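First comes the structure, then the notes that go with it.
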Number of protein chains: 2
Amino acid sequence: MKAKKSENNFRSDCPISSALDLFGDKWSLLIIRDMVYFGERTFKDFTNAAERISTARLSDRLCKLENLGLITKSNHPTNKKIYLYNLTAKGMDLFPVIAEYIRWSNKYLNDHIAKEAKEYAKMLENDRPAALNHFMKR
Amino acid sequence: MKAKKSENNFRSDCPISSALDLFGDKWSLLIIRDMVYFGERTFKDFTNAAERISTARLSDRLCKLENLGLITKSNHPTNKKIYLYNLTAKGMDLFPVIAEYIRWSNKYLNDHIAKEAKEYAKMLENDRPAALNHFMKR
DNA sequence: TAATTTTACTTTCGATTCGGAAGCAAATAT
DNA sequence: ATATTTGCTTCCGAATCGAAAGTAAAATTA
């Protein structure tokens with residue numbers, strides 16, 4: 001119902017502003033993040049993330065991301081009430097963006113971020129292709 | 001006056017959400033982008049960008065970015081009414097994030113984005129370190 | 001020197017988007 | 001048969017938004 005159509009009102013032909021037009025909000029990349037780390041997710045799974053997204057916002061973002069072709073929504077094999085969300089290749093291909101946020105935050109927000117993130121940032125520094133493959137190869 | 005204090009209310013200790021908490025809006029990275037491409041900029045310069053940021057929003061973002069230590073604000077050598085904005089190393093270090101947005105948009109929004117961006121995306125594919133240095137080395 | 005223009009904001013205002021809480025119907029579990 | 005779970009919607013007040021107009025000080029022009 002609240003399925004937002006992905007309106008083609010880009011601010012310009014700049015690739016950066018266009019990407020931000022599509023998923024430049026505070027939640028979209030976090031939803032992608034969860035799926036990169038954990039793979040297949042349910043609505044409930046997403047609500048359990050540390051950032052505590054509201055169900056209204058989550059419902060809206062999942063619709064948008066599906067409309068953009070970044071994720072897919074499918075039925076649970078046995079439970080008809082549960083839906084399974086998966087990343088598409090297009091969605092997974094946003095991980096390098098995420099990885100650069102991790103690198104930057106590790107460098108400038110180091111005393112604030114989680115230990116595991118620091119370790120992954122170190123992997124990125126030492127061997128970026130391998131570190132990216134760690135999550136993107138599937 | 002409208003200098004927003006950078007409040008330490010991060011949603012979590014995740015490096016991605018924390019970065020988005022700081023500059024995960026639709027304008028901050030575009031301001032950084034302009035400075036990466038053109039170097040030193042004035043208030044007026046920013047308002048001339050294709051995305052047409054409003055002066056209220058621009059004023060607010062420049063304050064925030066300065067408070068975050070991503071940019072500096074200094075006086076014009078002869079004109080006291082004009083201020084000069086420059087990237088700090090911390091701000092310039094966001095360019096790899098921007099570069100990944102360019103790469104992604106070139107791949108999935110190709111028929112929409114500017115020609116020059118496509119060429120830069122090709123440089124990134126062929127030799128990423130060199131392409132990054134093209135703008136970051138200064 | 002007086003009048004005009006430029007520059008960097010601020011203010012105002014209506015619209016949009018936000019988070020939080022409650023509500024809901026259908027499916028599942030008990 | 002009843003209770004619970006799940007995905008999602010609705011409501012509401014608060015925050016944020018873009019657009020436009022206004023401002024004060026400095027610089028330029030006349």
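Reminder, nothing fancy here: chain letters follow the sequence lines and each chain counts from 1. Quick caveat, the model's predicted, so the values are computed rather than measured.
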At a cut-off of 3.5 Å, list every protein nitrogen or oxygen paired with a nitrogen or oxygen from nucleotides 28-30 of chain C, distance to 0.1 Å.
from: dT28(C); atom 1: OP1; to: T78(A); atom 2: O; distance (Å): 3.4
from: dT28(C); atom 1: OP1; to: K80(A); atom 2: N; distance (Å): 2.6

Query - Atom NZ of K118(A) with >12 non-hydrogen neighbours under 6.0 angstrom - result: yes

Requested in this report: Using atom NZ of K44(B) as one end and atom P of dA25(D) as the other, report the distance to the nearest whole Å.
Outcome: 21 Å

Requested in this report: Could you tell me how the ring of F95(B) sits relative to the ring of Y37(B): parallel (under 30°), tilted (30 to 60°) or perpendicular (over 60°)?
Outcome: perpendicular

Query raised in the report: Partners of D13(B) by side-chain contact (heavy atoms from CB on, under 4.5 Å), sequence neighbours excluded?
Result: A114(A)

Query raised in the report: Taking CG from D60(B) and C1' from dA15(D), how many angstroms apart are they, rounded to a whole number?
Result: 12 Å

Query raised in the report: Do I16(A) and L132(B) belong to the same hydrophobic cluster, where Ile, Leu, Val, Met, Phe, Trp and Tyr are linked whenever their side-chain heavy atoms lie under 4.5 Å apart, directly or via other members?
Result: yes

Requested in this report: Inspect the surroundings of NZ in K80(A) and state if more than 12 heavy atoms from other residues, nucleotides or ligands are less than 6.0 Å away.
Outcome: no

Report summary line: Separation of dC8(D) atom C1' from E66(A) atom CD, nearest Å, is 14 Å

Report summary line: R41(B) CZ to dA8(C) C1', in whole Å, measures 16 Å

Query raised in the report: Cation-pi between K73(B) and Y83(B): NZ/CZ under 6.0 Å from ring centre and within 45° of the ring axis?
Result: yes

Query raised in the report: Taking atom C1' of dA8(C) as reference, at what distance in whole Å does atom CG of L84(B) sit?
Result: 13 Å

Query raised in the report: Is any side-chain N or O of K73(B) closer than 4.0 Å to OP1 or OP2 of dC9(C)?
Result: yes

Report task. Please report, rounded to the nearest Å, how far the C1' atom of dT10(C) is from the CG atom of L58(B). Result -> 13 Å

Query raised in the report: Whole Å only: how far is the CG atom of N48(B) from the P atom of dT6(C)?
Result: 13 Å

Requested in this report: May I ask you to test the L94(A)-V36(A) pair for a side-chain heavy-atom distance under 4.5 Å?
Outcome: no

Report task. Show your reasoning for whether ring-ring contact (aromatic ring centres under 6.0 Å, His included) applies to W104(B) and F23(A). Result -> CA-CA 12 Å; W104(B) 188 92; F23(A) 41 81; 5.1 Å; yes

Query raised in the report: Of the options E40(B), R41(B), M92(B), which is the one that meets L87(B) in a side chain to side chain contact (heavy atoms under 4.5 Å, CB included)?
Result: M92(B)

Query - Interatomic distance where OH belongs to Y85(A) and P belongs to dG7(D) [whole Å] - result: 7 Å

Between the protein and nucleotides 19-21 of chain C, list the N/O to N/O atom pairs that are separated by less than 3.5 angstrom.
from: dG19(C); atom 1: OP1; to: W27(A); atom 2: NE1; distance (Å): 2.1
from: dG19(C); atom 1: OP2; to: R57(A); atom 2: NE; distance (Å): 2.6
from: dG19(C); atom 1: N7; to: R57(A); atom 2: NH2; distance (Å): 2.9

Report task. Could you check whether F46(B) gets within reach of a base, just the sugar-phosphate, or nothing at all, counting any heavy atom under 4.0 Å? Result -> nothing

